[in-house]
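Here is the structure we will look at.
Numbers for residues simply follow the sequence, beginning at 1.
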Amino acid sequence: MQKNSEEIREDKLAELIRQNNPVAMRTLYNRYVRFLTAICSRYLDNEDDVSDVLQDAFIKIFSSIGNFVYLGNGSLKNWLAKITINETLRFIKLKGRLDFVSIDDEYLNIENEEPEIDDVPLSVIQDMIRELPPGYRTIFNLYVFEEKSHKEIASILNIKESTSASQLHRAKAILADRIRKFQTLTH
């Protein structure tokens, strides 16, 4: 591997990993670890849990690289993300971290209109999402970032579709309230 690691195409990188090339493995890790950490961190608020899930995800990635099918630029990154999301959800279910808590009715009666977020830093929004109760956070992430339907979420988490919909509504209500409070404090 003489090329700069960023220049190696995804299909070539995957092929080198299939051949157990340690430099290719390190290249894949270095290229995608921050991206995959961000995915885990959307679902998990404990850094040790994020590290554990990432370790499991990379083990799964390297052991199942033979199943990867190159479908064009970005397909490896998408495949890695899918494995990482699945490992994160497996961890959440295994550890019983998918609590659906009731929130005060005050959140249910706030404005349905979503607040404008252009003036809110992305890191602040990410922190607000991470501070949601685990069940709300998981459903919010699956719906918003992974673009799953309530039917798909219900199947993934083994819950009712109505539970998914109500938890998403409550998560959005909490986030909207926190965003408005942040905007009030900063303006």
Side-chain angles (χ1 to χ4, degrees), residues 32 34-54 56-57 60-61 71 74-75 77-187:
Y32 297 108
R34 291 183 66 200
F35 169 69
L36 299 177
T37 299
I39 289 173
C40 287
S41 295
R42 282 199 318 248
Y43 292 88
L44 304 169
D45 59 356
N46 179 294
E47 294 303 318
D48 290 336
D49 292 345
V50 170
S51 295
D52 289 347
V53 169
L54 272 179
D56 291 345
K60 180 87 165 211
I61 288 164
L71 301 172
S75 60
K77 186 175 184 178
N78 291 336
W79 185 77
L80 298 172
K82 185 174 182 176
I83 288 175
T84 303
I85 291 164
N86 289 338
E87 287 299 307
T88 304
L89 294 173
R90 186 185 65 74
F91 177 88
I92 289 169
K93 288 188 237 179
L94 187 69
K95 299 294 183 181
R97 303 254 172 99
L98 196 61
D99 301 327
F100 295 111
V101 298
S102 292
I103 57 170
D104 297 335
D105 287 340
E106 70 180 278
Y107 287 114
L108 299 178
N109 297 324
I110 65 171
E111 300 174 41
N112 279 337
E113 188 175 312
E114 294 183 11
E116 191 61 45
I117 61 170
D118 292 340
D119 60 339
V120 182
L122 181 58
S123 62
V124 171
I125 293 172
Q126 289 170 331
D127 288 343
M128 289 177 184
I129 293 169
R130 286 184 81 185
E131 291 168 0
L132 288 170
Y136 295 171
R137 181 176 56 238
T138 301
I139 289 172
F140 180 86
N141 282 314
L142 287 170
Y143 188 86
V144 173
F145 295 106
E146 314 314 330
E147 300 178 344
K148 301 290 185 193
S149 68
H150 289 299
K151 184 175 183 173
E152 292 170 309
I153 294 169
S155 175
I156 291 167
L157 301 179
N158 199 25
I159 59 175
K160 294 178 183 175
E161 285 182 56
S162 59
T163 301
S164 175
S166 69
Q167 297 293 298
L168 176 66
H169 175 74
R170 290 174 179 199
K172 285 182 172 183
I174 291 171
L175 288 173
D177 184 58
R178 290 179 181 170
I179 289 168
R180 286 186 189 93
K181 286 178 181 172
F182 175 84
Q183 291 168 328
T184 301
L185 291 173
T186 59
H187 289 100

Which atom pair, heavy atoms only, marks the closest approach of Lys93 to Ile156? NZ-O, 2.6 Å
Not counting sequence neighbours, which residues clear salt bridge (charged side-chain N to carboxylate O under 4.0 Å, His left out) with Glu47? List them please. Arg130
The reported gap from CD1 in Ile159 to OG in Ser166 (rounded to nearest 0.5 angstrom) is 8.0 Å
For Glu146, all residues meeting salt bridge (charged side-chain N to carboxylate O under 4.0 Å, His left out), sequence neighbours excluded: Arg42
Of all the heavy-atom pairs spanning Thr84 and Thr88, show the shortest one and how long it is. O-OG1, 2.7 Å
Counting only heavy atoms not in Tyr32, do more than 12 sit closer than 6.0 Å to its OH atom? yes
With respect to Val50, which candidate in Leu36, Leu44, Asp45 satisfies the side-chain contact (heavy atoms from CB on, under 4.5 Å) definition? Leu44
Non-hydrogen atoms of Leu132 and Arg178 that approach each other most closely: N-NH1, 4.0 Å
Return yes if some donor-acceptor pair links the side-chain N/O of Ser155 with the main-chain N/O of Lys151 below 3.5 Å, else return no. no
Start with the C-alpha gap between Leu157 and Leu142, add the side-chain angles, then the distance that decides, and say whether side-chain contact (heavy atoms from CB on, under 4.5 Å) holds. CA-CA 10 Å; Leu157 301 179; Leu142 287 170; 4.1 Å; yes
If you define the side chain from C-beta out and look only at heavy atoms, does anything of Leu168 sit under 4.5 Å from Lys172? yes
Side chains of Phe182 and Pro121, heavy atoms from C-beta outward: is any pair under 4.5 Å? yes
How long is the span from the OG1 atom in Thr138 to the OH atom in Tyr136, to the nearest 0.5 Å? 12.5 Å
I want to check something: taking the side chain as every heavy atom from C-beta on, are Trp79 and Leu71 in contact at a cut-off of under 4.5 Å? no
What's the separation between atom OG1 in Thr163 and atom NE2 in His150, rounded to the nearest 0.5 Å? 11.0 Å
What are the two closest non-hydrogen atoms of Ile139 and Ser164, and how far apart are they? CG2-O, 3.5 Å
From Gln126 CD over to Ser123 OG, what is the distance, rounded to the nearest 0.5 angstrom? 6.5 Å
Those residues at least two apart in sequence (or on a different chain) that pass salt bridge (charged side-chain N to carboxylate O under 4.0 Å, His left out) with Arg90 are Asp56, Glu87
Given side-chain contact (heavy atoms from CB on, under 4.5 Å), test Phe140 with Gln167 step by step and report yes or no. CA-CA 8 Å; Phe140 180 86; Gln167 297 293 298; over 6 Å; no
Taking Asp177 for its side chain and Ala173 for its backbone only, find out whether a donor-acceptor pair lies under 3.5 Å. no
Run the side-chain contact (heavy atoms from CB on, under 4.5 Å) test on Phe145 and Ile39 for me, step by step, so that the C-alpha distance in whole Å, both residues' side-chain angles and the decisive distance to 0.1 Å come before the verdict. CA-CA 9 Å; Phe145 295 106; Ile39 289 173; over 6 Å; no
Ring-face cation of Lys77 near Phe35 (centre distance under 6.0 Å, axis angle within 45°): yes
Just how far is it from atom CG of Asn141 to atom CD1 of Ile153, taken to the nearest 0.5 Å? 10.0 Å
dist Ser162:OG -> His169:NE2 (nearest 0.5 Å) comes out at 13.5 Å
